[in-house]
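Here is the structure we will look at.
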Amino acid sequence: MPTVPADEEFRTYNQGVIREFRANHGRVSQPPFPVLLLTTTGARTGRQATVPLGFGVDDKGRVFVVGSKAGAPEHPAWFHNLRANPTVTVELGDSSYQARAVVTAGEERDRLYRMVSDGTSAYEQNTDRIFPVIILEGVPAPA
């Protein structure tokens with residue numbers, strides 16, 4: 001079973017992706033899929049924190065993200081932050097948007113999740129946790 005990176009490994013990797021994203025107008029070499037930058041406000045600290053995330057776009061043009069944290073047994077910190085304060089900033093390409101994070105549930109969550117995963121990823125094999133799916137209202141789908 002694949003191992004989940006330690007928090008410090010996540011931070012180091014994410015910092016490199018964020019630098020590359022901002023230097024290259026939203027393009028990165030790794031991971032091998034499009035990403036956006038999500039900035040949340042810390043639920044306990046009130047500090048701003050930014051993470052790179054892969055994203056999906058549904059049939060209604062809504063941009064959404066999944067809280068997988070590489071299959072860790074707990075949800076990512078950014079997910080806890082946006083539940084406490086759903087007003088977020090999203091960087092996509094060269095643009096920045098104020099958005100409202102909306103946590104999905106039930107059939108809507110399942111439908112969106114199936115758009116980005118067939119249920120057999122290594123991340124899913126690491127945990128029994130149900131990965132949350134979050135719609136970023138106010139972020140237009142990329143062209």
Residues forming a ring-ring contact (aromatic ring centres under 6.0 Å, His included) with H75, sequence neighbours excluded =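 With sequence neighbours excluded, H75 shows a ring-ring contact (aromatic ring centres under 6.0 Å, His included) to F79, given in chain and number order.
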Who pairs with Y113 by ring-ring contact (aromatic ring centres under 6.0 Å, His included), at least two apart in sequence or on another chain?
->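 If we apply the ring-ring contact (aromatic ring centres under 6.0 Å, His included) test to Y113, skipping adjacent residues, there are no hits.
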Same hydrophobic cluster for [X] and [Y], using side-chain heavy-atom links shorter than 4.5 Å among ILVMFWY?
X	Y	value
F33	F21	yes
L53	V133	no
V66	I135	yes
V139	M115	no
L38	V103	yes

Can you check whether [Y]'s main-chain N or O pairs, donor with acceptor, with [X]'s side chain at less than 3.5 Å?
X	Y	answer
T41	Q48	no
E9	A6	yes
N24	G26	no
R62	G56	no
E20	S29	yes

Spacing of [atom1] belonging to [X] relative to [atom2] belonging to [Y], to within rounding of 0.5 Å:
X	Y	atom1	atom2	value
Q15	R11	CD	CZ	8.0 Å
F131	R109	CZ	CZ	8.5 Å
S95	L36	OG	CG	12.0 Å
Y97	L136	OH	CG	12.0 Å
E137	Q98	CD	CD	14.0 Å
E108	L112	CD	CG	5.5 Å

Run the numbers on V17 and R19 for side chain to side chain contact (heavy atoms under 4.5 Å, CB included), then give the verdict.
-> CA-CA 6 Å; V17 173; R19 278 192 303 274; over 6 Å; no
Looking at [X] and [Y], what are the two nearest heavy atoms and their distance?
X	Y	value
T127	G71	CB-O, 3.3 Å
V57	P142	CG2-CD, 4.0 Å
F10	A70	CZ-CB, 3.7 Å
R100	V102	NH1-CG2, 3.2 Å
G54	V65	O-CG1, 3.6 Å

Side chains of T50 and T39: do they bring a donor and an acceptor to under 3.5 Å?
->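 Side chains of T50 and T39: pair found under 3.5 Å.
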Would R22 and E91 satisfy side chain to side chain contact (heavy atoms under 4.5 Å, CB included), going step by step from the backbone distance to the final call?
-> CA-CA 9 Å; R22 289 179 173 155; E91 295 172 61; 2.6 Å; yes
In terms of side-chain geometry, is the basic nitrogen of R129 or E74 positioned less than 4.0 Å from the acidic oxygen of its partner?
->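 E74 and R129: not salt-bridged.
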Before accepting this row, confirm whether a basic side-chain N of the pair R27/D94 lies closer than 4.0 Å to the acidic partner's carboxylate O.
->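 A salt bridge is absent here (no side-chain N lies under 4.0 Å from a carboxylate O).
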Between V116 and F55, is a side chain to side chain contact (heavy atoms under 4.5 Å, CB included) present by the stated rule, with each step listed?
-> CA-CA 8 Å; V116 296; F55 65 92; over 6 Å; no
Beyond-backbone contact of F64 with I134, side-chain heavy atoms, under 4.5 angstrom =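 No, too far: nothing below the 4.5 Å cut-off.
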Steps toward side chain to side chain contact (heavy atoms under 4.5 Å, CB included) verdict (I18, L37) = CA-CA 7 Å; I18 291 166; L37 300 184; 3.8 Å; yes
Enumerate donor-acceptor pairs with a distance under 3.5 Å from any side-chain N or O in residues 81-88 to protein atoms, sequence neighbours excluded.
residue : atom : partner : partner atom : Å
N81     : OD1  : A43     : N            : 3.0
N81     : ND2  : T40     : OG1          : 3.2
N85     : OD1  : T87     : N            : 3.2

